[in-house]
Undergrad: 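First, the structure itself, so that you have it in front of you.
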Amino acid sequence: MNGSPLIGLTGVLVLLFMLTTGVPLGVSLGLVGICGMTLILGLEPALIKSGVILFETLSRYELGVLPLFFLMAHICFIANASRDFFDATASLIGHRRGGLALASIGGCAGFGTISGSSLATAATIGLVALPEMRKRGYSGALATGSVAAGGTLGQIVPPSGALIVFGIIAEQSIGKLFTAAIVPAITQALLYGMAVILLCHFKPHLAPATSRASWSERRVALIRVIDIGFLVLLVIGGIALGWFSPPEAASVGSVGALLLCAWRRRLNWSSLGHALAETLRTSGMIYVVVVGALIFSVFISLSGMTEQVAQLLGDAGSNRIVSLLVITAVLLLLGSVLDGLALMLLTTPIFLPIVQDMGLSPIWFGVFLVRAMELGFIHPPMGMNLYVIHNIAKDVPLGRIFKGVLPFLAADFAHLLLLILMPATVIWLPTILGQ
Amino acid sequence: MKNSTQKDGSERKPLRLGEKCLFYLGAVALLFAMATDTLAVLGRHIGVPLWGSIELVQAGILIASSTAMLSATLAKKHAKVRILVNRLHGGPLLWLQWAQALFSAVFFLALLVGSFWIFLDMRGAYEESELLHIPYTPLRIICILSIFGVMLSFVRRLTESPKQ
């Protein structure tokens, strides 16, 4: 049987059904991919292709970046980096109205440079920041909203797990994706900051001003993040400046994190064993997803579905902006029922060729997709960050947390629009660095 | 390291040992890849390049990722959408879990058959890396064994789930 868009569409629908019933992500993608390839090519080529994809994926040098960055994050966690990032920002701006909410966002951005995950960032900074904000009389909605939304910075601030997975699926340079994400991550944090400032301006009772930290306290807090800040600069700067490739950066970062942990006298066999075990489990989960996604993308490309969708968009006579807005609407709609990784893996094989046909860079699409994915983390019914924060601040009802996150959602929509209208915000930095 | 989730005490001990071996193998391979890559970076910058470092890292990462997939499966840590699962209880949830295990076992069986097919085809081809001549056969065997372990774990859940 030849490939037909109908087989592709049926595959996508079956995939959505399997995902909804809780079949593991990688399994759903891979199984639909193998069945689809069997229909188009026959059983033997489908099985052999899957075997080839498995071995090639596991032995790929570039994919080593994934477990090594996870290891770096877990070791930095042992070093108590999350509290240090929050304390440093809080000591500088915590006394201002809404300062601790701003510090939470800053702490999330800082911790995002080593974590690479939205949930981990929200949970870790939430544990430190929420009790502090509640103690100082901050409104439950603002406190929880700022941490839930700030957590999504962990997904976009390099090194980002989502960008690594996108780079592998779309066969794009991970280093270039990391560099491209720097400006969008900064603008996202600034927009969140503006949301807090505006909220506190119009409703001052939400976040009272508190006592100012002394200069000696500030110095102590800042000194505590110097070593970890240097490590982050070395890793991200090293990639951006071409000193080393992303997998090498991940290795250097992990060794650096080990040395830092030892320097802070927080390294022992038990914590190292825990970090390694968690690293293996998390990366094993991602490896299965990546293998499944690569099999699925081969099936989608064989089915010819992408060309059909591109033709439909072209026939509608829409211009680039309208097409991108349609794609964004689909991403947000799917993102409200699928988790971020599922959304990315389902839509990349379909939308990436279309976006490239429009003359846009795949690097831009990767960053844009990760940004769109992040929204699913803070709005119901998925809204994983909301549930994570609710677990930490049990006294704040889920409805209030959602109310608290609304201003940040508005900031997110503004940011997505900015990325669509000004793709240069993404492409500019890698271009001037000659990547 | 976390213990196995088995409730049957008699089955716990060998699985724990297996998990421990798996952990040590994966951890050593990961640390080996990390150290090799870091030495390669250092060597390149001081003018003493580490010959064939990428091939060594590739082998380390393959072993680490193979054991990682099995570790994730044993810890039941596979990513899934929980929108429906979190709302079900009792019988329907158990049947859904059984179906999830069935689909997972079938997928890994397909991967196993595909990998074994290629392994048989390439047996006489003496596949090896370019610089250090690292043979691919043992690496393929590790990959196949790990997928077999993952499949076995899902088959085991298949026989357990509806009875729980």
Side-chain angles (χ1 to χ4, degrees), chain A residues 18-28 30-31 34 44 46-55 57-61 63-64 66-68 71 243-244 247-252 254-255 273-274 276-277 279-289 291-292 337-339 341-342 381-382, chain B residues 1-2 22-23 26-27 30-31 33-38 40-41 44-45 54 57-62 64-73 75 77-85 96-97 99-100 103-104 106-108 110-111 113-119 121 136 139-140 143 147 150:
Chain A
M18 286 176 79
L19 288 175
T20 317
T21 52
V23 177
L25 215 59
V27 171
S28 306
L31 203 55
I34 292 175
E44 187 183 326
L47 290 176
I48 291 180
K49 183 70 189 163
S50 309
V52 169
I53 288 175
L54 174 73
F55 188 75
T57 307
L58 298 191
S59 59
R60 221 164 130 173
Y61 173 71
L63 212 52
L66 211 62
L68 289 168
L71 182 63
W243 292 347
F244 29 68
E248 288 172 342
S251 298
V252 171
S254 298
V255 171
H274 180 74
L276 282 163
T279 301
L280 286 175
R281 284 184 200 127
T282 317
S283 29
M285 180 256 281
I286 303 275
Y287 270 106
V288 172
V289 171
V291 169
V337 283
L338 294 178
D339 90 328
L341 209 52
M382 285 300 288
Chain B
M1 277 159 54
K2 226 165 105 178
L22 200 67
F23 164 74
L30 189 61
L31 292 174
M34 176 192 80
T36 309
D37 231 4
T38 308
V41 172
R44 195 174 63 229
H45 285 279
I54 289 184
V57 174
Q58 269 179 311
I61 288 297
L62 184 129
S65 56
S66 299
T67 56
M69 287 198 299
L70 193 47
S71 299
T73 306
K77 227 191 158 182
H78 285 297
K80 52 174 82 167
V81 176
R82 296 181 184 274
I83 198 162
L84 183 66
V85 179
L96 200 61
Q97 283 171 342
Q100 290 164 4
F103 284 129
S104 305
V106 171
F107 171 61
F108 285 102
L111 282 183
V113 172
S115 305
F116 199 66
W117 202 316
I118 300 165
F119 173 72
D121 276 354
Y136 281 5
L139 298 179
R140 283 196 186 278
C143 176
I147 292 297
V150 174

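Below, chains carry the letters A, B, ... as their sequence lines are ordered, and counting in each starts from 1.
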Undergrad: Taking all atoms of both residues into account, what is the closest heavy-atom pair of B:M69 and A:L58, and its distance?
TA: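 It is CE-CD1, 3.7 Å.
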Undergrad: Applying side-chain contact (heavy atoms from CB on, under 4.5 Å), can you list everything that pairs with A:T57, at least two apart in sequence or on another chain?
TA: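 Per chain and number, A:T57 pairs via side-chain contact (heavy atoms from CB on, under 4.5 Å) with A:I53, A:L63, A:V290, A:V291, A:L294.
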Undergrad: Identify which part of B:R140 has an atom lying under 4.5 Å from any heavy atom of chain A, answering side chain, backbone, both or neither.
TA: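 Both parts, heavy atoms under 4.5 Å.
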Undergrad: Quick one: does B:D37's side chain get under 4.5 Å of A:Y61's, heavy atoms only?
TA: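 Yes; the side chains approach each other to less than 4.5 Å.
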Undergrad: Rounded to the nearest 0.5 Å, what separates atom CG in A:L68 from atom CD1 in B:I61?
TA: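 So the CG of A:L68 and the CD1 of B:I61 are separated by 4.5 Å.
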Undergrad: What pair of heavy atoms forms the shortest contact from A:I34 to B:A110, and how long is it?
TA: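 For A:I34 and B:A110, the tightest heavy-atom pair comes out as CD1-CB, 3.7 Å.
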Undergrad: Decide yes or no for B:Q58 and A:R60: does some side-chain heavy atom of the first lie under 4.5 Å from some side-chain heavy atom of the second?
TA: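 Side-chain contact under 4.5 Å: no.
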Undergrad: Select one option (side chain, backbone, both, neither) describing which atoms of A:L66 are under 4.5 Å from chain B's heavy atoms.
TA: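 Looking at A:L66, nothing touches chain B.
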Undergrad: Name the region of B:F108, side chain, backbone, both or neither, that has any atom closer than 4.5 Å to a heavy atom of chain A.
TA: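 B:F108 touches chain A through side-chain heavy atoms alone.
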Undergrad: Side chain, backbone, both or neither: which part of B:A33 has an atom under 4.5 Å from a heavy atom of chain A?
TA: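 Interface part for B:A33: backbone (N, CA, C, O).
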Undergrad: Do you know which two heavy atoms are closest between A:W243 and B:H45, and how far apart they sit?
TA: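 Scanning both residues completely, I find the closest heavy atoms to be O-NE2, 3.2 Å.
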Undergrad: For A:G30 and B:F107, which heavy atoms make the closest approach, and how far apart are they?
TA: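 Residues A:G30 and B:F107, closest heavy atoms: CA-CE1, 3.4 Å.
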Undergrad: Just to verify, what does B:Y136 make a side-chain hydrogen bond (donor to acceptor under 3.5 Å, both in side chains) with, not counting sequence neighbours?
TA: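 Applying side-chain hydrogen bond (donor to acceptor under 3.5 Å, both in side chains) to B:Y136 gives none.
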Undergrad: Are B:H78 and A:V27 close enough that some pair of their side-chain heavy atoms sits under 4.5 Å apart?
TA: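 No, every pair of side-chain atoms sits at 4.5 Å or beyond.
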Undergrad: Heavy-atom distance under 4.5 Å to chain B: side chain of A:L31, backbone, both or neither?
TA: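 Both parts, backbone and side chain.
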Undergrad: If you count heavy-atom pairs under 4.5 Å with chain A, which of B:S71, B:S115, B:A79 comes out on top?
TA: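 Winner by heavy-atom pair count: B:A79.
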Undergrad: Do other residues, nucleotides or ligands put more than 12 heavy atoms under 6.0 Å from the CZ atom of B:F116?
TA: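 12 or below, so no.
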Undergrad: For B:L31, is it the side chain, the backbone, both, or neither that has a heavy atom closer than 4.5 Å to a heavy atom of chain A?
TA: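 Side chain of B:L31 only, per the 4.5 Å heavy-atom cut-off to chain A.
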Undergrad: Look at atom NZ of A:K49 and say whether more than 12 heavy atoms of other residues, nucleotides or ligands are closer to it than 6.0 Å.
TA: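 No, not enclosed.
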Undergrad: Got a second to check how far B:S66's OG is from A:L54's CG, nearest 0.5 Å?
TA: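 Here the interatomic distance stands at 7.5 Å.
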Undergrad: Taking side chain as C-beta onward, heavy atoms only, is A:P247 less than 4.5 Å from B:V57?
TA: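 Counting from C-beta outward, A:P247 and B:V57 never come under 4.5 Å.
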Undergrad: Side chain from CB out, backbone as N, CA, C, O: work out which of these in B:I54 comes under 4.5 Å of a heavy atom of chain A, or both, or neither.
TA: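 Both backbone and side chain of B:I54 come within 4.5 Å of chain A.
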Undergrad: Nearest heavy-atom pair of A:S251 and B:M34: which atoms, and what distance?
TA: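 Closest approach of A:S251 to B:M34, heavy atoms only: CB-O, 3.5 Å.
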Undergrad: Using 0.5 Å steps for rounding, measure from the CE atom of A:M285 to the OG1 atom of B:T73.
TA: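 Separation between the atoms: 11.5 Å.
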Undergrad: Mind checking whether B:L62 and A:F55 have side chains closer than 4.5 Å, heavy atoms only?
TA: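 Sidechains of A:F55 and B:L62: in contact.
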Undergrad: What part of B:L30 gets closer than 4.5 Å to chain A, counting heavy atoms only: side chain, backbone, both or neither?
TA: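 Contact with chain A: backbone and side chain both.
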Undergrad: Verify side-chain contact (heavy atoms from CB on, under 4.5 Å) between A:L280 and B:K77, making sure each step is shown before the conclusion.
TA: CA-CA 11 Å; A:L280 286 175; B:K77 227 191 158 182; over 6 Å; no
Undergrad: Spell out, as yes or no, whether a donor-acceptor pair under 3.5 Å connects the side chain of B:Q100 to the backbone of A:T21.
TA: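 Yes, the answer is positive, given that a donor and an acceptor are paired below the 3.5 Å cut-off.
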Undergrad: Please flag which part of A:L19 lies under 4.5 Å from any non-hydrogen atom of chain B: side chain, backbone, both or neither.
TA: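 Contact with chain B: backbone and side chain both.
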